[in-house]
Structure formats: C-alpha cells, structure tokens
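Here the structure comes first, spelled out in structure tokens, and everything after it is commentary.
All chains are named by letter (A, B, ...) in the order of the sequence lines, taking the proteins before the strands, and each is independently numbered beginning at 1.
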Number of protein chains: 2
Amino acid sequence: MPRKPGRATTSPATPNERFDIRDVAKRAGVSVATVSRTVNKVPTVNALLAARVNEAIRDLDYFPNTQARALVSGRSRLLGLLVPDITNPFFPELIKRFERAAVEQGYELLIGSTDDDSDLQHVLRRMIERNVDGVAVMTFGAEDPVLDELSHRHVPMVFVDVSKTDFPQDVLLVNYGQGMLEALQHLAALGHRDIGFISGPLKEHSALIRREAFLASMRQSGCTAREDLVLEGDHQLEGGMYGMTSLLRLPHPPTAVLCSNDMTAIGALRTLQQRGFRVPDDMSLVGFDDIHLSEFVHPPLTTVRMSQTEIAQSAVRALLSRIEQTTPRSAPQFFPISTRLIIRETTAPPALTRRPRF
Amino acid sequence: MPRKPGRATTSPATPNERFDIRDVAKRAGVSVATVSRTVNKVPTVNALLAARVNEAIRDLDYFPNTQARALVSGRSRLLGLLVPDITNPFFPELIKRFERAAVEQGYELLIGSTDDDSDLQHVLRRMIERNVDGVAVMTFGAEDPVLDELSHRHVPMVFVDVSKTDFPQDVLLVNYGQGMLEALQHLAALGHRDIGFISGPLKEHSALIRREAFLASMRQSGCTAREDLVLEGDHQLEGGMYGMTSLLRLPHPPTAVLCSNDMTAIGALRTLQQRGFRVPDDMSLVGFDDIHLSEFVHPPLTTVRMSQTEIAQSAVRALLSRIEQTTPRSAPQFFPISTRLIIRETTAPPALTRRPRF
DNA sequence: CCCATCAGAGTAATCGTTTTCCAGCGCCCC
DNA sequence: GGGGCGCTGGAAAACGATTACTCTGATGGG
C-alpha cells in the first residue's frame, strides 16, 4: 500500500498537503539523511546538493515536523513561564518580552498562571508532560518545594529572587534596594518622615522580599520605619484601596506611602481621590514596577522601574545556556537586574498644616 | 546493548528517571499494547489486567510522552489563540478563561500576540509548525487572507465576528447592538442628544464592526449621529485621551461619549479629569468590554459587558467539535455572545447650562 | 602505482507511542 | 464432542525526524 494513498486522486480539493522529509529527498534526488543535514546546516554537505535540497524544500514548502524532531532529539523547544497572575498588567508586559526573546531563539512559550494557590502543582504537571526544556519561575521569590519535581528531572530553571542564599539554581537578582533607596531619599529630601508601605500578599515570597527591601532601605536612609505604617496588601487594586483606607484611619497617618507594586499604588490613589484627598499635595505616593498604566493614571505615578526587557532576556539567556550545555551542571549563575526611580507627579513636599479630614 | 545503559549504576544521583510504556509493560507483565489500551481507556481490556497496569503506572509514576503521542496520532493537543495585543487588559482576562477551558479538555494554549501589524504571518507560521489542532482568532473581526494558510491545511478555526456574511468558518457572533442600544437608550433617557463615539483603529475589523454597531444603534434609538462626533482611536489609553481632547475642542462638544472599549474610555476619563471636567456631571462616559479595571477607576465606569467566559467556552467548544469530527466539514456554526449594559457612575443627565471652559 | 585515509552520502536503527492485524482460547450450539 | 465465532491480548508496523554506522570514491603519500 502506498504511504500516502491517492494523494492527488482522492482529494482534489486539497491542494496543500503536508510534505515530509522523504518527499523532499525524492524530489531533490538525494537521501533523507542529506535533507536532514541540509536543514540542520551540517557543514559536510556538498554545496551543490544543498542547493538542490533547498530548492526542493522551497518548491514543496516543506518544514520539519516538530513532534518527530522533539521525539528523537528529546527536546521540545518549549519554555515554561510561571507567573502568579496573568491578569496583573505587569505580567502581560513581561510575557510579551519573554515571548519575543524565546521566539528569537526558536523556542515557544507555555504560560502557566498559578493564580490563587495550589494550581502550581497542576501547572507544573502540564509543563512536565509537555516536556518543557526549561522553566522561568517569575513568581518573584518562590522556591516552592513543589518545584523539586522539576529539578529531579533536571529541567533547567531560572528564578527571580530567592530567599535561601545557597539556592542551587540560576537566579535573577533584582536589586530592589537600589530603587527603594532612591525613592526613600527622594521622599526624605522632600521632607517626608512618616512613610508608609503597603506590601503584597506575604505568603508570596515576592512580597516578603520587597517588604524586606523597604525596611532595609529605610534603615539605610536613616529613617525609622513605624511598624503601624507597614501593611499587607495583595498586589492588586483592592489591596491598595484597602491598605490606604487603613492608613488614613490611623491617628497619625503617613505623609507618603510606598507600594509594593504599581497596582497597589493605583488602588491607593483611587481611595485617596474617592475621599477627596489630593495627590501629591495631601499625600505622596510611590509605586513599584513601572507598568505601562502608571504613566497614564492621573496624576502620573512616580514609581521604581524594574526593566522587564532585562528580566526576560536574562532569563531566556540563562535557560538556553543550561539547555545547550551537556556537561554536568556547573555552579549557579546570578544575573543582576537593576531598578531605578522614575519621578512623575505623585510626590511633593508634605503639607505642613495637614489634618486628615474625616 | 541495553536500551537504557546502566540506569542504576552510572547515575545514582538521578532518582527520578523517566519511564516509558515498555517499563510499565514489563512491570505489569503485559504487552505494551495492553498498557496503551489501558491508558486510553479502551473498553476491551480485562479489568484484572487493567488493575495490574494501573498499579505499575502508579508505582513508576509513568505518563505518556506527549510528542510520541502527537507524532503517531497526528494531533498535538495544542490550541492556538490569536490576540491583537496581550498588553491590553481585556486579553489577559480572556486568555485566562480560555486557558481554563482548554486545559479542562486536555489541551494546551499557544498564544500569539499579533501586536502591530505583519507579525501575524510569523505568528501563524509558528502555530502551523507546532501543528496546532485549532486556532481561535480573537482579533475581533479579522478574516485576514493570511489565515488562508490555515484553512488550506484544514486547521479548524473559530472567529469573533466577521464582516462577510458567507464566511465558511465557525463564528462567535457578538451581539454588539444589544449592549450598545441599551447604553444609548440609557443615555437618551438621561437627556443626552449629542453623543460622541471614539472607535478603535479602523484597520482592525474589530473596531469597524463596533463602530457600525454604534451607528446602527443610534439610528435604532432614534438619534441622529453627528458625523463630527465619531472619531478614530486605537483601543488604548492614548487613543481615548487624544480622542477626548479632539471632542472637547469642538464648537459643540457632545454631552456623552461612548467608547469602543474600556481602555479608550479610561483614557478619555483621564483627559477629562486632567482638564478639570467632572465626570459624570460635565460629561457622561460609557465604555465597552467591562474589564476588571473599569470597576476600579474613579468614578467606576459605566460600560457594556461582553462575557469573556462565554466567548472562551464557546470558542473552545467550537474548536473541539471540529477537531473531533472526522466527517467532511459541515456547515459553519454560529455562537451568539450577548452583551449588556452595566450602569456604574460615569453617566448622569447632561449639565443644562454647560459651557466648555477653554 | 598501490594502499591508506578521508570526505561525503546513503542505509537503517531509533525515539515512544498508537493501532492494525492475527493468534489463541473459551464458549455456544448443534 | 467438534466446529465456528467472538473476545483478548500480543507482535509489529507505522508516525517523521536524527544520527551512528557503512560504503563508495577520491586523494595523497610512499
């Protein structure tokens, strides 16, 4: 029986059949091995033959079957990307850059949004079953034990921040301190002393680490952080709104508030405006991340920028170097990610005769 | 030579080897065929054997190799999702729901963001090369000729809106008119007569169709649309800001503005606030889509909700039914998607003695 | 001038499944 | 009690690539 029964006869309405490597070989009058070598740019193939093969490839519009390739090579050319919440505007922006970097290298992205909680296990399972060649864990600071399943299988991973200092994986080290310190010095220079902080959800390592960075930067800039001014949010609008409400209820509210991410800051801004406070006159506000939206809220948000391009590119680079390397795993690498203050219009000197209006 | 050389001897530090179907067969004392049948729940396999196989599977933590499966079955269990811009908050929300629906059916998502313009071709190429089993085209109303490459290959597709009435593919028919009409009637009831519209980029079909729906609904609700009040935006904040700026410059600005999507409305809102206009007192504003953010801008945006869950589920359902069906393609199916007005706080009666303050 | 070496192309094994085909076995009915 | 038939389960052929190995012919050195 012919391999492809009656291609031209049974389905005349099917002009675009998909050709395989043997079709190309036949048309070019060479063996499949030569075709494969040509496609993979193995240098030993004769230039004349290569030209014939390439012509056949063009004529037939041939391209290799990904799964067959993956099967024999053992690599899927799929990269997993683990994010906490695709709905948070920070992440689509990151994903976009990540995708760009991956596609440039011939990889595709499998996005896993871990959303609330125990999704992580399912998401990981899906990635393992799809045979991802590497995983970028962008849930800022999550070296979850569940991830061991990956490391057992020697799937390369790259993390953003980790709490353990001896973590045996490649890590993107975000220099939160740098940007935070700049922000605090900026606020201090404006005359602020009572500076609040609305964190993310502290069960997320991401949030914990940013809070630590805030506290450290406070000490470093000579301020003393008032305990009652450090609140927990959820890295979303709601948390920012709720956090700001709580801060305003205090007997001595802060004159400036730094937020663990921009969405929190925007939520806080919303609450201030709803209650008739003017920003920055009545309260200064600083965000973190510099998402696109921050430039467009009113007033435009002063925030600390963390370069997403830098993160995406470093992560892909780290992953690929691990994937390509065949030698036993070498020491973990670290990739510094810088942060810096972007001053817009939500910071000003504190009102001298400020009275909370309740 | 053994198939897996020295598993236990050469790599003692590698506890989690990956097992294949033969390992399971050996351990269960059956043939690989029986294991495969058990895994795929073929009913003819003896219950006792099945139990033995399942035990072996559990013991070894076996799961089938996706690429081998895909290779032999010809299906990748990958669904392509084409969106115009992952950065627009509407789409992450949609993607999330889409992913949920796909994963439930054992499919994975390949997301393609067509961003500016001719990316489309590359994105499609990537999808074809990955052998997607189906593609959902969420670029609202884009039956681009480039997509022919998919239909030639008989890749099932599902669209949101199309302009051609005889389009030979499954289509999600969003009933824009319904929500638009509700919105216009609401505005009319409040006393508005001069109603503006800021569209999306008209090169996108999405935008064109929404504009048509607006104009049709205007006629239907007895209003006459003033030509000068219908502007082109870009479905982003910037377009909304710019559009509102233009409208305010008019000798007779509208008293209410409907926007083609929420981001546009939020941009317009931003401009109004920057210029000291109060919303809704000085100007009423209505968005479209009901993205999460809309509830949290200040004041909360009155908007037309289009159910993303409905879209995602219908799309996946349409795709799967095409993928599963082996019979020659049947007539295109249509899935109605409803829209409805969500009244929040950006609409009010027009100010009687309104003077633009320039 | 002959043999060793090497470059380059072809043959075939392999990756891990699914699935077709076939053999064996028990059962039913005559 | 024997023959046919229906089930079950196994052996083996795909799926479409990569690549180790083999083979052929050419080339260079002794």
Lys/Arg N to Asp/Glu carboxylate O, B/R77 vs B/D133, below 4.0 Å: no

Residue whose nearest DNA chain C nucleotide is more 5′ - B/A33 or A/L49: A/L49

Salt-bridge criterion met for A/D61 and B/R153 (N-O under 4.0 Å): yes

A/R75 CZ to D/dT19 P, straight-line distance once rounded to whole Å: 10 Å

From D/dG16, D/dG9, C/dT17, nucleotide with atom closest to B/N46 side chain: D/dG9

Nucleotide C/dG8, atom P - distance to CG of A/L48 in whole Å: 13 Å

Distance test, side-chain N/O of A/R22 to OP1/OP2 of D/dG16, below 4.0 Å: yes

Any A/L82 side-chain heavy atom under 4.5 Å of A/M127 side chain: yes

Sugar-phosphate, base or nothing in reach of B/V30, heavy atoms under 4.0 Å: sugar-phosphate

Ionic contact status for B/R126 with A/E108, cut-off 4.0 Å: yes

A/N40 CG - D/dA20 P separation (whole Å): 13 Å

B/R125 bridged to B/E129 by N-O distance under 4.0 Å: yes

Whole-Å gap separating P (C/dG16) and CD (A/E129): 16 Å

Side chain of B/V45 (C-beta onward), nearest among C/dT17, D/dG9, D/dA17: D/dG9

Between C/dG16 (C1') and B/R37 (CZ): distance, integer Å: 16 Å

Euclidean distance, atom CD of residue B/Q67 to atom C1' of D/dG16 [Å, nearest integer]: 13 Å

Separation of C/dT18 C1' from B/D20 CG (nearest whole Å): 14 Å

Spacing of B/N131 atom CG relative to D/dA17 atom C1', expressed in whole Å: 13 Å

Distance test, side-chain N/O of A/S36 to OP1/OP2 of D/dA17, below 4.0 Å: no

A/T34 vs C/dG10: side-chain N/O to OP1/OP2 distance below 4.0 Å: yes

